[in-house]
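Computed from heavy atoms alone, side chains included, the values below leave out hydrogens, waters and symmetry copies. Convention: sequence-line order gives letters A, B, ...; per-chain numbering from 1.
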Amino acid sequence: MVQLTLPKNSTVRKGKTWPKPQGATNLRQFRIYRYNPEEGGNPRWDTYWVDMDKAGTMILDVLLYIKNNIDPTLAFRRSCREGVCGSCAMNIAGRNTIACTKGFDDLPKGVITISPLPSQPVVRDLIPDLTNFYAQHAYVQPYLKTDTPAPEKEWKQSEADREELNGLYECILCASCSTSCPSYWWNGDKYLGPAALLQAYRWLIDSRDEATGERLDDLEDPFKLYRCHTIMNCAQVCPKGLNPAKAIAKIKHMMVERVS
Amino acid sequence: MKPAIFLLVPIMCALPVVAEERCQYLEDQVDQANKAMASIFADGITDNSAPRETNRQIKELNQKIKQQTAIQLAIAEGCDTSSFLPNDMGSYITPALECATEQLKGNYKAASCEMSNWTRSEEE
């Protein structure tokens, strides 16, 4: 039977409101999604007031400030803090992005909501379970596949061929794009999603790769590739400014060209 | 029976002509799609923003699918498809750019935008 509402234990309830810091003049309100499956119960929105004069300039700075000074139980992933590792991807003010490169000047006025990446199971608080996402990335075999024996030094590539990879290789696998895609929400188990398909195209057009036909065969399916309807949420949210929708369109071109 | 035979004979005589026309029609469809792809490409010269660029990719893809369908129909009709030139927008880039340039000047009904007048530029 179709379930049109969330199960009772999935409804996000109002949580704790932490006290305002004393003597602060530059305060900002944050509503943060909290959930601990080990505790049981429903997810909740906790409210925090942060002194922006002390918190730093990026959203990750605020989260660290909250963890260090207000509530040490808040859980989130982070590592490089400079937009390279993709660990701190989350939904900030309604848009998926990475917290470490998202500054306050980019955000709307008023309360800022922070929640985990949508559509993925939550491990705890702002930490999504990306097992399926990584499995899909592995499915596209993101590495060089060749039949000819490896050269003595390295596989060579012309400058023009190398240029083809620009806008593709920069992906940091933060999953912001895939988890912003409604097709991926509904068919995430069968549709590979923008991130995996961007990687698929990155290897499909690599002049050194010799498994193009095999790679296209692996994508030839009503779901894996063709659930992209070019709504472009992926390109809009990508923190690295990449355009997975274009890469997906290019794979579709390759599919048509090899048939005709 | 007799009237039926009288009807069948002229139809059978006309069949090769009809088939030839169909083959020509399908070849024209492939060519028109080449022109459309050139036009889509030329539209992008001045705007390569992500949404428009992706939209152009999809438009171009649709033209390729149209070509593929035309070729499959031609094969089913028994046409000789060796003269069909799919995925050959390069031959129409020059007139497509002329048209796009006119349109940038606001001249949307320029003579250079009439695709039926576009001629294939031969390779040197």
Honestly, the part of Glu60(B) sitting under 4.5 Å from a heavy atom of chain A is both
Hits for side chain to side chain donor-acceptor pair (under 3.5 Å) against Glu114(B), two or more places apart or cross-chain, chain-then-number order -> Ser116(B)
Would you mind checking if [Y] and [X] are paired as a salt bridge, meaning a charged N to carboxylate O distance below 4.0 Å?
X         : Y         : result
Glu210(A) : Arg215(A) : no
Asp88(B)  : Arg120(B) : yes
Asp161(A) : Arg208(A) : no
Asp217(A) : Arg258(A) : yes

message = Under 3.5 Å, is there a donor on one side chain and an acceptor on the other for Asn96(A) and Asn91(A)?
response = yes
Ordered numerically, the heavy-atom neighbours of chain B under 4.5 Å found in residues 224-242 of chain A are Thr230(A), Met232(A)
Between Cys100(A) and Cys80(A), is the SG-SG gap under 2.5 Å? no
- Query: Within 45 degrees of the axis of the six-membered ring of Tyr169(A) and under 6.0 Å from its centre: does Arg162(A) put its NZ or CZ there?
  - Reply: yes
When you measure from the centre of the six-membered ring of Phe76(A), is the NZ or CZ of Arg78(A) closer than 6.0 Å and no more than 45° off the axis? yes
For residues 89-97 of chain B against chain A, heavy atoms under 4.5 Å, the residues are none
Residues 49-59 of chain B vs chain A, non-hydrogen distance cutoff under 4.5 Å, contacting residues -> Ala50(B), Pro51(B), Glu53(B), Thr54(B), Gln57(B), Ile58(B)
Would you please test Ile98(A) and Ile172(A) for side-chain contact (heavy atoms from CB on, under 4.5 Å) and show each step? CA-CA 10 Å; Ile98(A) 46 178; Ile172(A) 56 170; 4.0 Å; yes
**Prompt:** Checking side-chain contact (heavy atoms from CB on, under 4.5 Å) for the pair Met90(A)/Thr97(A): CA distance, chi angles, key distance, verdict?
**Reply:** CA-CA 6 Å; Met90(A) 54 189 73; Thr97(A) 189; over 6 Å; no
Can you list the steps and then say if Tyr201(A) with Leu168(A) is a side-chain contact (heavy atoms from CB on, under 4.5 Å)? CA-CA 8 Å; Tyr201(A) 182 62; Leu168(A) 303 169; 3.7 Å; yes
Between the CD atom in Gln68(B) and the CE atom in Met255(A), the distance rounded to the nearest 0.5 Å is 11.5 Å
